[in-house]
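Every value quoted in this text rests on a predicted model; they were computed, and no experiment measured them. Order of the sequence lines fixes the chain letters, A, B, ..., with proteins taken first and strands second; residue numbering starts at 1 for each chain.
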Amino acid sequence: MENEEKSLNFIEEIIEADIRSGKHDGRVLTRFPPEPNGYLHIGHAKSIVLNFGLAKKYNGKTNLRFDDTNPVTEETEYVESIKNDIKWLGFEWAEELYTSDYFETLYAYAVKLIEKGVAYVDDSSPEEIAASKGTPTEPGKPTPYRDRTVEENLLLFEEMRSGIYLDGAKVLRAKIDLASPNMHLRDPLIYRIKHANHHRTGDKWCIYPMYDFAHGQSDSIENITHSICTLEFVPHRPLYDWFIEQLAIFPSKQYEFARLNLNYTVMSKRKLLQLVNEKYVEGWNDPRMPTISGLRRRGYTPVSIRNFCERIGVAKRENIIDLGLLEFCIREDLNKTAWRRMAVLNPVKLVITNYPEGKEETLIGENNPEVAGGEGERSIPFSRELWIEREDFMENPPKKFFRLAPGLMVRLKHAYIIKCEEVVKDENGIITEIHCSYIPESKSGEDTSGIKVKGTIHWVSVSHAKTVEVRLYDRLFSVENPVAMENFKASINPDSLEIIENAYVEPDLLHAEPGKGYQFIRKGYFTLDTKSTSSKPVFNRTVTLRDTWAKEIQKG
RNA sequence: UGCCCGAUAGUAUAAUGGUAGUACAACUGAUUUUGGUUCAGUUAGUCUAGGUUCGAACCCUGGUCGGGCAACCA
């Protein structure tokens, strides 16, 4: 097993080639560079697992750098959530850094470009500048300010910093090539005026570098060896390389991979922010959100998310991953770790007519059948009247129905085999009680009855049942690719959340621990919601169990 | 109709000039006190046309299709 050759992704191949050739003396330093303007989502997890994973694999390190060059959208709240999510995922950064730490250096870089005659202050309006850039098929034209002298540019740039100009009055542009086939090289803006309070530098600055002027140089300042980002930055790379060359600074190299897309969800921070602001969800950590905090609240574990990110692979091809793979990963983890408990979500009463009234028994159930020894056990009270799942009974069952129906037998999990004798209905024909007889010799663990039954169902003793709220989640969108819609919000799944106010659970579930996953036997994996209280426990369904019977039914 | 990136089973991802493999999904069957788990098996793929080569998913050329590229966003 250990000598199994795992295939490398294209970035690993590049790194291994670099190590072999002695580039950077074999040093590997990556970075994860979020902008603190929103919460991290599963797509960021892919990048985090990649960047931190690469560093770990090649004995390197990873910096956390906040790309905070736009004070208007950035907040400390986001910084804190991002740090928290990365730690929760199980990663440690080498250094916590901020692009705003480099503002003075970046300013000096800009001055250097001006001195070299390859940057100029432009007084044109945004519209004029856009027009001056031409189109992909037509070259741009210079604005009237392109040929200002170095001295004039130096003075004006200093004045921009001093605060005497209004927002938008002037910008600093790199002087590259207005006819370049790469639009990003047509004299890109590198500094703009924003009289805005920055979450870290306060009012110290009123000019801020553009992302394109900050990102590559920040990598360079930190001596990042492999700067990994998503595909949309491919056309920016020549610009970063140009800055590095002009400034003669450490040559970080950028490599681009395809971002994660998941079906039945949206993955852009802008769209997620809309869902939050327009109250389609409870917040960034709503369990239906693809955010790390949402997945955490939903009951996803760090290991399941890491496994998912490793399984989806890294390449340059556009991709849409099936949500089913994420679900597979969490089931795989929880199956091995979640303690089993019984809960009835949609109850109907079952009476065992030959079980003495007033009699109670304490039955035993192992916590986890996947582990030798079961990780201990808990007691389950049993009595004459039970709640069972309404869907576990059918008056006129189809073939291969292994549950309860008139005349049929099933086993009550951890208890006895019962036989359905009679059905009681109200005046509307709704079933109110199911009467059964039980077989005393069939008790779990000491069954001498010799009877074999096909089905086993879960149950909760009526007099011992505890009432909890259960929240059932489904995919947030009802179409595979909401972004392809004219209005993605129109395809929100109206049934993405079903709240069951009164579900019955076995008493031991009152001792459920926050952050721990429980399998409600035959129903799915659940975890305590962050809003749960001891007086009113609330469970979120993380994911259902695989259900081949439901598939069978659907097929007809 | 300028430039850039890409194209391998339903979805992802390997094979780096020499037997197209893996995972998820789907389907069979076995086991099972969860219609869960586990196990065994089945189905299913190199966008296209040329070229180079003993041999091409891989190299070259043309085409097709998909995605991206112009924000005082990142």
Side-chain angles (χ1 to χ4, degrees), chain A residues 6-9 13 33-35 37 67-70 72-74 122 124-126 129-131 133-140 167-173 180-186 188-194 207-208 210-212 214-215 229 231-238 256 258 263 269-270 308 311-329 331-332 335-336 340 342 365 369-370 400-403 410-415 417 442 444-445 447 452-458 519-524 544-553:
Chain A
K6 265 207 75 184
S7 59
L8 305 177
N9 65 48
E13 282 181 3
E35 184 191 13
N37 68 344
D67 249 321
D68 53 352
T69 57
N70 185 358
V72 179
T73 57
E74 295 153 6
D122 197 329
S124 306
S125 69
I129 289 177
K133 288 194 178 183
T135 68
T137 52
E138 299 165 64
D167 286 8
K170 286 179 167 46
V171 292
L172 185 68
R173 299 176 71 179
S180 171
N182 182 339
M183 297 298 291
H184 296 278
L185 262 22
R186 319 249 267 224
L189 274 60
I190 58 179
Y191 260 94
R192 78 291 215 190
I193 301 170
K194 272 182 197 281
I207 57 173
Y208 294 93
M210 297 291 288
Y211 172 85
D212 277 348
H215 194 85
C229 67
L231 248 27
E232 69 267 30
F233 294 104
V234 170
H236 299 239
R237 184 178 357 109
E256 309 88 2
N263 58 10
K269 275 195 275 187
R270 206 188 102 254
F308 172 75
R311 250 181 266 245
I312 58 177
V314 178
K316 301 186 78 159
R317 183 188 339 168
E318 293 289 340
N319 60 82
I320 302 178
I321 305 288
D322 192 335
L323 198 55
L325 184 60
L326 220 210
E327 296 186 339
F328 168 82
C329 291
R331 286 190 186 111
E332 177 187 46
N335 175 54
K336 289 182 295 196
R340 271 57 170 178
M342 293 198 283
E370 294 299 309
K400 294 199 288 183
F401 185 77
F402 302 150
R403 306 180 188 181
V410 294
R411 172 173 292 283
L412 295 169
K413 180 77 179 173
H414 298 309
I417 292 175
S442 66
S444 283
D447 185 350
K452 291 272 181 252
V453 293
K454 276 285 192 39
T456 299
I457 65 172
H458 60 280
Q519 185 194 105
F520 290 2
I521 290 174
R522 303 208 304 137
K523 298 303 318 180
T544 61
L545 259 26
R546 265 184 84 226
D547 192 348
T548 50
W549 173 243
K551 263 188 235 166
E552 189 80 14
I553 295 290

Taking the [atom1] atom of each, how far is [N] from [M], in whole Å?
N: B:U61; M: B:U52; atom1: P; value: 15 Å
N: B:U13; M: B:C27; atom1: C1'; value: 22 Å
N: B:U8; M: B:G66; atom1: P; value: 14 Å
N: B:U11; M: B:G45; atom1: C1'; value: 12 Å
N: B:G18; M: B:C69; atom1: P; value: 37 Å
N: B:U28; M: B:G50; atom1: C1'; value: 44 Å
N: B:G63; M: B:C4; atom1: P; value: 14 Å
N: B:A20; M: B:A14; atom1: C1'; value: 10 Å

When all nucleic acid strands are considered with a 4.0 Å heavy-atom cut-off, which category describes [X]: base, sugar-phosphate, or nothing?
X: A:Ser124; value: base
X: A:Ala130; value: nothing
X: A:Phe233; value: base
X: A:Ile320; value: sugar-phosphate
X: A:His215; value: nothing
X: A:Gly140; value: nothing
X: A:Ser180; value: nothing

Starting at CG of A:Asp67, measure out to CD of A:Glu74 and round the result to the nearest 0.5 Å.
->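 Separation between the atoms: 8.0 Å.
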
State the CZ-CH2 distance between A:Arg403 and A:Trp549, to the nearest 0.5 angstrom.
->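 Reported value, rounded in 0.5 Å steps: 7.0 Å.
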
Look at the side chain of [X] and the backbone N and O of [Y], then say whether any donor-acceptor pair between them is shorter than 3.5 Å.
X: A:Lys400; Y: A:Glu552; value: no
X: A:Arg331; Y: A:Thr544; value: yes
X: A:Asn263; Y: A:Asp322; value: no
X: A:Arg186; Y: A:Thr135; value: yes

Watson-Crick or G-U pairs under 3.5 Å in RNA chain B, rendered as dot-bracket with [ ] for crossing pairs and | for another strand | .((((((..((((....[..)))).(((((.......)))))....(((((..]....))))))))))).....

Side-chain touch [X]/[Y], heavy atoms, less than 4.5 angstrom:
X: A:Met210; Y: A:Pro188; result: no
X: A:Glu256; Y: A:Arg237; result: yes
X: A:Arg411; Y: A:Ser442; result: yes

Non-hydrogen atoms of A:Val314 and A:Asn9 that approach each other most closely =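 Closest heavy-atom pair between A:Val314 and A:Asn9: O-CB, 3.7 Å.
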
Please report the distance, rounded to the nearest Å, between [atom1] in [X] and [atom2] in [N].
X: A:Ile193; N: B:C72; atom1: CD1; atom2: P; value: 14 Å
X: A:Leu326; N: B:A25; atom1: CG; atom2: P; value: 13 Å
X: A:Arg311; N: B:A25; atom1: CZ; atom2: C1'; value: 13 Å
X: A:Leu325; N: B:A9; atom1: CG; atom2: P; value: 17 Å
X: A:Tyr211; N: B:C73; atom1: OH; atom2: P; value: 15 Å
X: A:Tyr208; N: B:C73; atom1: OH; atom2: C1'; value: 15 Å
X: A:Ile190; N: B:A74; atom1: CD1; atom2: C1'; value: 17 Å
X: A:Asn319; N: B:G10; atom1: CG; atom2: P; value: 17 Å

Residue mapping more 5' on RNA chain B - nearest nucleotide basis, A:Lys269 or A:Thr135 |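 By nearest-heavy-atom nucleotide position, the 5'-most residue is A:Thr135.
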
Pairwise 5' ranking along RNA chain B for A:Asp67 and A:Ile312, keeping only the more 5' one =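 That would be A:Ile312.
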
Classify the ring geometry between A:Tyr211 and A:Phe233 as parallel (under 30°), tilted (30 to 60°) or perpendicular (over 60°).
->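 It falls in the tilted class, 30° to 60°.
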
Using a cut-off of less than 4.0 Å, is there contact between a side-chain N or O of A:Arg192 and OP1 or OP2 of B:C73?
->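 Affirmative; the distance criterion is met.
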
Under 4.0 angstrom between A:Lys551 side-chain N/O and B:C27 OP1 or OP2 |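 Checking A:Lys551 against B:C27: at least one side-chain N or O falls below 4.0 Å of OP1 or OP2.
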
Which letters describe nucleotides 30-42 of chain B, given B = protein heavy atom under 4.0 Å from base, S = only from sugar-phosphate, - = neither?
-> ---BBBBS-----

Whether each nucleotide of nucleotides 1-7 of chain B has a protein heavy atom under 4.0 Å at its base (B), only at its sugar-phosphate (S) or at neither (-) is summarised, 5' to 3', as -BSS-SS

Stepwise side chain to side chain contact (heavy atoms under 4.5 Å, CB included) check, A:His215 with A:Thr69 | CA-CA 9 Å; A:His215 194 85; A:Thr69 57; over 6 Å; no

Should A:Ser180 and A:Asn182 be marked as a side-chain hydrogen bond (donor to acceptor under 3.5 Å, both in side chains) after you check the CA-CA gap, both sets of side-chain angles, and the distance that decides it?
-> CA-CA 5 Å; A:Ser180 171; A:Asn182 182 339; 5.4 Å; no

For A:Arg546 and A:Lys551, what are the C-alpha separation, side-chain angles and deciding distance, and is it a side chain to side chain contact (heavy atoms under 4.5 Å, CB included)?
-> CA-CA 10 Å; A:Arg546 265 184 84 226; A:Lys551 263 188 235 166; 4.2 Å; yes

